[in-house]
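Notes follow the structure.
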Amino acid sequence: MVEFSQPVISRREFVCGAAALSGAILLPARVAWPGDPEFRVSQEAQAAIEKSNLIYITPIKSDGNESACHAEVWFYADGADLLVVTKQELWRSQAVKRGLDRARIWVGDFGVWKRSKGAFRKAPTFLARAEHISSDAAAVERTLKAMAVKYADEGWSTYGPLFKEGLSDGSRVLLRYRPVAA
């Protein structure tokens with residue numbers, strides 16, 4: 001007579017494992033989650049980032065609505081992230097310090113936002129999480145070098161030294177805006 005030993009796995013473990021494996025096979029090869037450093041903006045937004053010298057930013061309030069604060073700013077695209085130099089006391093920096101780290105970004109050049117009559121709102125847009133990264137010396141250096149080239153004809157000779165000095169003395173900060181899923 002043949003004796004059977006205890007099974008290596010129970011029937012329940014087998015069924016659960018098979019279900020999990022079946023589900024994993026059906027998932028796409030790459031899923032982008034909010035906050036995932038591999039999350040990418042739309043192709044339209046990416047094309048605009050590559051061409052534009054301006055982005056428009058507004059913080060997202062704790063109730064989920066956009067703030068009344070808007071600005072058009074110079075930026076540096078560091079991979080999927082957009083880096084911005086701003087005065088430490090301005091709302092962009094203060095919003096992040098107060099925990100309002102979500103922002104909406106539009107990409108394009110429509111001039112001063114107040115005079116654009118809302119034209120920037122038709123530009124490619126995405127949500128981002130902001131953080132202060134002024135202590136990241138390598139990011140500061142990359143940003144200043146890239147902006148010196150990108151904005152050479154747009155007043156960098158005036159603003160470049162102000163940005164560099166401000167980042168050194170703490171009167172300006174470097175903000176990272178990392179795209180997130182809506």
Side-chain angles (χ1 to χ4, degrees), residues 34-42 44-61 66-116 118-121 123-180:
D36 184 340
E38 295 298 316
F39 181 77
R40 298 289 186 251
V41 298
S42 70
E44 182 184 27
Q46 186 59 46
I49 289 168
E50 292 168 10
K51 289 188 272 186
S52 181
N53 282 340
L54 291 178
I55 58 174
Y56 296 77
I57 302 172
T58 189
I60 303 296
K61 298 187 297 185
E66 291 176 13
S67 167
C69 300
H70 291 76
E72 69 285 346
V73 295
W74 288 354
F75 70 97
Y76 160 57
D78 188 27
D81 301 340
L82 301 183
L83 305 186
V84 170
V85 177
T86 191
K87 288 184 179 177
Q88 181 269 119
E89 75 270 5
L90 291 180
W91 61 261
R92 288 179 289 285
S93 175
Q94 294 303 309
V96 177
K97 283 183 181 177
R98 292 184 184 130
L100 299 175
D101 65 344
R102 291 186 46 217
R104 176 165 303 285
I105 296 177
W106 296 267
V107 186
D109 189 344
F110 301 91
V112 178
W113 77 271
K114 286 184 179 181
R115 289 186 238 145
S116 77
F120 66 91
R121 290 186 174 277
T125 187
F126 57 92
L127 292 176
R129 286 230 184 261
E131 66 178 315
H132 285 259
I133 61 164
S134 300
S135 60
D136 184 340
V140 168
E141 185 177 338
R142 282 193 314 275
T143 301
L144 292 174
K145 282 183 179 180
M147 286 184 161
V149 173
K150 185 174 184 175
Y151 300 107
D153 297 334
E154 296 189 38
W156 187 253
S157 60
T158 300
Y159 288 101
L162 295 174
F163 282 20
K164 186 175 183 175
E165 290 166 20
L167 287 165
S168 292
D169 68 21
S171 62
R172 291 183 189 262
V173 295
L174 182 62
L175 299 176
R176 173 193 322 273
Y177 288 91
R178 175 161 285 162
V180 295

[atom1]-[atom2] distance between [X] and [Y], expressed to the nearest 0.5 angstrom:
X      : Y      : atom1 : atom2 : result
Ile105 : Tyr56  : CD1   : OH    : 13.5 Å
Thr143 : Phe75  : OG1   : CZ    : 12.0 Å
Leu54  : Glu154 : CG    : CD    : 7.0 Å
Arg176 : Glu131 : CZ    : CD    : 5.0 Å

Restricting to side chain to side chain contact (heavy atoms under 4.5 Å, CB included), what partner residues turn up for [X], sequence neighbours left out?
X      : value
Leu144 : Val140, Trp156, Phe163, Lys164, Leu167
Ser67  : Thr58, Pro59, Lys61, Cys69
Glu165 : Pro161

Got [X] and [Y] here, is their nearest side-chain heavy-atom distance under 4.5 Å?
X      : Y      : answer
Asp136 : Leu174 : no
Val173 : Thr86  : yes
Ser134 : Leu175 : no
His132 : Ser93  : yes

Under the side chain to side chain donor-acceptor pair (under 3.5 Å) rule, collect the residues that match up with [X], sequence neighbours excluded.
X      : value
Arg172 : none
Asp169 : Ser171
Glu89  : none
Ser157 : none

Donor-acceptor under 3.5 Å (Glu72 side chain, Ile57 main chain): no
Partners passing ring-ring contact (aromatic ring centres under 6.0 Å, His included) against Tyr151 (at least two apart in sequence or in another chain): Trp74
Sequence neighbours excluded - salt bridge (Lys or Arg N to Asp or Glu O under 4.0 Å) pairs with any residue from residues 142-152: Asp78-Arg142, Glu141-Lys145
Search all heavy atoms of [X] against all heavy atoms of [Y] and return the closest pair with its distance.
X      : Y      : answer
Val96  : Ala130 : CG2-CB, 3.5 Å
Phe126 : Ala45  : CD2-CB, 4.2 Å
Ala77  : Ile49  : CB-CG2, 3.8 Å

Residues forming a salt bridge (Lys or Arg N to Asp or Glu O under 4.0 Å) with Arg104, sequence neighbours excluded: Glu66
